[in-house]
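Structure record follows, encoded as structure tokens.
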Amino acid sequence: MMNIGVLISGGGTNLQALIDAQKSGMLKSGKITDVVSNRSGAYGLVRARTAGIRTAVITKKECGSSEEFDKRICEYMKEHKIDLIIMAGFLAIVGKNLLSEFKDKIINVHPSLIPSFCGDGFYGLKVHEAALEYGVKVTGATVHFVNEVTDGGKIILQKAVYIQENDTPETLQKRVMQEAEWVILPQAAELFCSGKLSRKGERTT
Ligand code: GAR
């Protein structure tokens with residue numbers, strides 16, 4: 001059984017999807033042992049505590065620098081023997097320490113079909129605003145490994161969502177979450193924890 005540490009910044013609906021998947025037995029090869037937020041007011045912390053999961057708050061401000069912030073998160077994950085780190089709406093950049101200590105052991109959910117609408121500056125509602133502005137007819141969500149390039153790591157799972165004519169960034173965000181993110185994030189976690197992911201060149205299968 002793998003230990004899962006989840007990094008969050010906000011509402012934590014993706015964290016809730018993971019908690020629910022664990023409860024239903026869909027996520028069975030890993031256990032969410034820790035939830036770490038970089039914002040003390042993140043509602044996801046309440047969700048974690050309600051589910052009996054240990055929580056911690058590590059903010060960049062209290063750490064004083066990005067380097068120290070990265071180090072503290074890394075130390076926390078090592079201390080608690082985390083095998084898989086899931087970024088579930090974690091809106092801070094992870095640094096060198098964490099990336100090297102947890103190489104190929106960090107995954108992220110992004111609310112678009114990468115390589116569209118991703119990279120620096122594309123997070124949360126901004127992603128959906130950009131998709132609507134561009135006029136794409138299909139968007140979706142991606143779960144990918146995390147490396148030093150923002151949203152640039154290898155893709156694990158993707159799911160498409162059709163855009164509707166009357167969509168606003170808010171309605172689109174909600175549908176992408178419900179139809180895609182909350183589905184593929186627990187699936188990817190279970191695939192990782194059960195050892196079913198393998199790398200073939202550029203592809204993760
Ligand atoms: C989610 O839509 C997630 O994909 C996005 O932030 C939201 C967090 O919601 N993440 C990014 O944009 C990362 N680039 P949640 O806190 O309710 O899970």
- Message: Tell me whether Asp70 contacts the main-chain N or O of Gly95 through its side chain, where contact means a donor paired with an acceptor under 3.5 Å.
- Response: yes
- Message: If hydrophobic clusters are built by linking Ile, Leu, Val, Met, Phe, Trp and Tyr wherever their side-chain heavy atoms come under 4.5 Å apart, do Leu15 and Leu7 end up in the same one?
- Response: no
- Rounded to the nearest 0.5 Å, how far does NE2 of His110 lie from CD of Glu181? 9.0 Å
- Might you confirm whether atom NZ of Lys31 has over 12 heavy atoms from other residues, nucleotides or ligands at distances under 6.0 Å? no
- Item | Point-to-point distance, once rounded to the nearest 0.5 Å, from CG of Asp34 to NZ of Lys81 | 11.5 Å
- Task: Report yes if some heavy atom in the side chain of Leu157 is under 4.5 Å from a heavy atom in the side chain of Leu191; otherwise report no.
- Result: yes
- Item | Side chains of Ile93 and Thr150 in contact at under 4.5 Å (non-hydrogen atoms) | yes
- Message: Tell me whether Glu148 contacts the main-chain N or O of Lys96 through its side chain, where contact means a donor paired with an acceptor under 3.5 Å.
- Response: no
- Message: So Val136 and Leu113, do their side chains get closer than 4.5 Å, heavy atoms only?
- Response: no
- Message: Donor-acceptor pair, distance only, cut-off 3.5 Å: does the side chain of Glu101 make one with the backbone of Cys74?
- Response: no
- State the SG-CG distance between Cys193 and Leu84, to the nearest 0.5 angstrom. 5.0 Å
- Message: Tell me the closest heavy-atom pair linking Arg39 and Ser9, and the distance in Å.
- Response: CD-O, 3.4 Å
- Message: With a 4.5 Å cut-off on side-chain heavy-atom distances among I, L, V, M, F, W and Y, is there a chain of contacts connecting Ile19 to Ile184?
- Response: yes
- Query: Of the non-hydrogen atoms in Thr171 and Thr168, which two are nearest, and what is the gap between them?
  - Reply: OG1-N, 2.8 Å
- For Lys154, check salt bridge (Lys or Arg N to Asp or Glu O under 4.0 Å) against everything at least two apart and list the hits. Glu202
- Message: For a quick test of reading the model, state the closest non-hydrogen atom pair linking Asp151 to Gly119 and the distance between them.
- Response: OD2-N, 2.8 Å
- Taking all non-hydrogen atoms of both residues into account, name the closest pair between Val183 and Gln178 and its distance. CG2-O, 3.9 Å
- Query: Quick one: ring pair (Phe, Tyr, Trp, His ring centres under 6.0 Å) partners of Tyr76, sequence neighbours excluded?
  - Reply: His80
- Message: Determine whether a donor-acceptor pair (N or O, by modelled atom type, separation under 3.5 Å) exists between the side chain of Lys126 and the backbone of Gly121.
- Response: no
- Query: Does a side-chain heavy-atom distance below 4.5 Å link Ile114 with Gln158?
  - Reply: yes
- Item | Test item: Thr142 side-chain N/O and Ser112 main-chain N/O as donor-acceptor pair under 3.5 Å | yes
- Can you tell me how far CG of Leu185 sits from CG of Asn14, rounded to the nearest 0.5 angstrom? 5.5 Å
- Query: Would you call the rings of Tyr134 and Phe117 parallel, tilted or perpendicular, where under 30° means parallel and over 60° means perpendicular?
  - Reply: perpendicular
- What one should report as the nearest heavy-atom pair of Ile73 and Phe90 is CD1-CZ, 4.0 Å
- In the single-linkage hydrophobic clustering (I, L, V, M, F, W, Y; side-chain heavy atoms under 4.5 Å), do Ile82 and Ile106 co-cluster? yes
- Output for pair (Leu172 CG, Asp167 CG), nearest 0.5 Å, gives 5.0 Å
- Message: Under 3.5 Å, is there a donor on one side chain and an acceptor on the other for Ser198 and Thr205?
- Response: yes
- Query: Under 3.5 Å, side chain of Ser37 to main-chain N/O of Leu45, donor-acceptor pair present?
  - Reply: no
- Query: Does the side chain of Ile86 come within less than 4.5 Å of Phe192's, by heavy atoms?
  - Reply: no
- Message: Within this structure, what is the CE-CG distance for the pair Met1 and Asp83, rounded to the nearest 0.5 Å?
- Response: 11.0 Å
- Query: Between Gln16 and Asp20, is a side chain to side chain contact (heavy atoms under 4.5 Å, CB included) present by the stated rule, with each step listed?
  - Reply: CA-CA 6 Å; Gln16 191 65 54; Asp20 293 347; 3.1 Å; yes
- Message: Measuring only between side-chain heavy atoms, which start at C-beta, is Gln173 closer than 4.5 Å to Pro111?
- Response: no
- Message: Taking Glu190's backbone N and O only, do any of them form a donor-acceptor pair with Ser194's side chain (distance below 3.5 Å, no angle check)?
- Response: yes
- Message: Grouping I, L, V, M, F, W and Y whenever their side-chain heavy atoms are under 4.5 Å apart, do Ile4 and Ile85 come out in a common cluster?
- Response: no
- Can you check whether Thr59's main-chain N or O pairs, donor with acceptor, with Arg72's side chain at less than 3.5 Å? no
- Query: Shared ILVMFWY cluster between Phe102 and Phe69, side chains joined below 4.5 angstrom?
  - Reply: yes
- Closest heavy-atom contact between Ile107 and Ala188? CD1-CB, 4.3 Å
- Query: Backbone N or O of Val146 within a donor-acceptor pair of the Asn108 side chain at under 3.5 Å?
  - Reply: no
- Message: Checking Asn3 against Thr33: is there a side-chain donor and acceptor pair closer than 3.5 Å?
- Response: no
- For Lys71, look at atom NZ and say whether over 12 heavy atoms of other residues, nucleotides or ligands are found less than 6.0 Å away. no
- Thr13 side chain reached by Arg47 side chain, heavy atoms, under 4.5 Å: yes
